[in-house]
Amino acid sequence: MPSPTDETLHQQHGRYPQANSVEDFRRNLAAVQQRIAAACARVGRDPASVRLLPVSKTFDEAHLRLAYAAGCRLLGENKVQEAQRKWEAMADLSDLRWSVIGHLQTNKARQVARFASEFQALDSLRVAQELDRRLHSEGRQLDVFVQVNTSGEASKYGLAPEQVGQFLQALPGFPALRVRGLMTLALFSADVARVRPCFVRLRELRQRLRQDAPAGVGLDELSMGMSGDFEVAIEEGATVVRVGQAIFGARAMPDSYYWPTADARPVGHD
Ligand SMILES: *Cc1c(COP(=O)(O)O)cnc(C)c1O
């Protein structure tokens, strides 16, 4: 398979066909796993060191059940209300777990504390505190990733890289949060030369912060890469890739619904 990462990324979202059967999901999952393995091979990494997180946002319960039947046991959702609705509807699948990967307001922390097993977009102490408080009353713990803004786009969520060190120092104060690592969204561009530096920045930040990370704050994980750019992210050290459209099919929803930076990418742009 030729490397898509040489000059331009295939950000051909509109061209991912909809998955409508268990076979479609099996095929798409296998194709993504193959792309993961090829990216790993290029840089001498073990494919087992990369976790694929299927992202199911905007797709309905019937499609999520097909994904489950094809083997998915952890699904990523960007919005809390949508995730909670799906969690309730699919409570019969007792081994299905949920990862919330989008920005969280403190008034939604209670829901996340109740049903999520992972939260990837931690970027404020207020949210950390509220999650910790709610988790204690639920008798639960939560895996969390600290979201970092590596693209420098003002409207993007996440801490500035220079704020992360100090932020991490405060996290042992919230014992219900199990800090696993860092998460980022790269710049949205089909130009690898502009996307790759975002991933490099997250890896180098992790490297710098590791020595001084407080006890109990783990920085092993780097969650970076989506359908259009996960191979580049893997080449730069991703341990978790969050992949929606390459598994479920193209989304009808514009990306701007999920994050404020996508205004420059109207629907059908790529
Ligand atoms: C939707 C989403 C993804 C996956 O994007 P795809 O283009 O569907 O692969 C990854 N990360 C976050 C935070 C998302 O909201």
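Read the numbers this way: they start at 1 and go in the same order the structure lists the ligands and their atoms.
There is no path of hydrophobic side-chain contacts, each under 4.5 Å, that joins F119 to I101.
For G244, a nitrogen or oxygen atom sits less than 3.5 Å from a nitrogen or oxygen atom of ligand 1, counting backbone and side chain alike.
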TODO: Check the pair Y16 / F248 against ring pair (Phe, Tyr, Trp, His ring centres under 6.0 Å), numbers first and verdict last.
DONE: CA-CA 8 Å; Y16 291 117; F248 283 82; over 10 Å; no

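For ligand 1 and K57, the ligand atoms under 4.0 Å from any heavy atom of the residue are 1 (C), 2 (C), 3 (C), 14 (C), 15 (O). Applying the 4.0 Å criterion to heavy atoms of V243 picks out, from ligand 1, the atoms 9 (O).
Contact annotation for R251 and ligand 1: only side-chain heavy atoms (C-beta onward) come within less than 4.0 Å of the ligand. Heavy atoms of I101 found under 4.0 angstrom from ligand 1 belong to the backbone as well as the side chain.
Checking side-chain atoms of Q163 against main-chain N and O of A160 turns up a donor-acceptor pair under 3.5 Å.
Each side chain to side chain donor-acceptor pair (under 3.5 Å) pair with one or both residues in residues 168-181, not counting sequence neighbours, appears once here: Q141-R178, D143-R178, D143-R180.
We find that R208 and E204 are not joined by a salt bridge, their nearest charged nitrogen and carboxylate oxygen being 4.0 Å or further apart.
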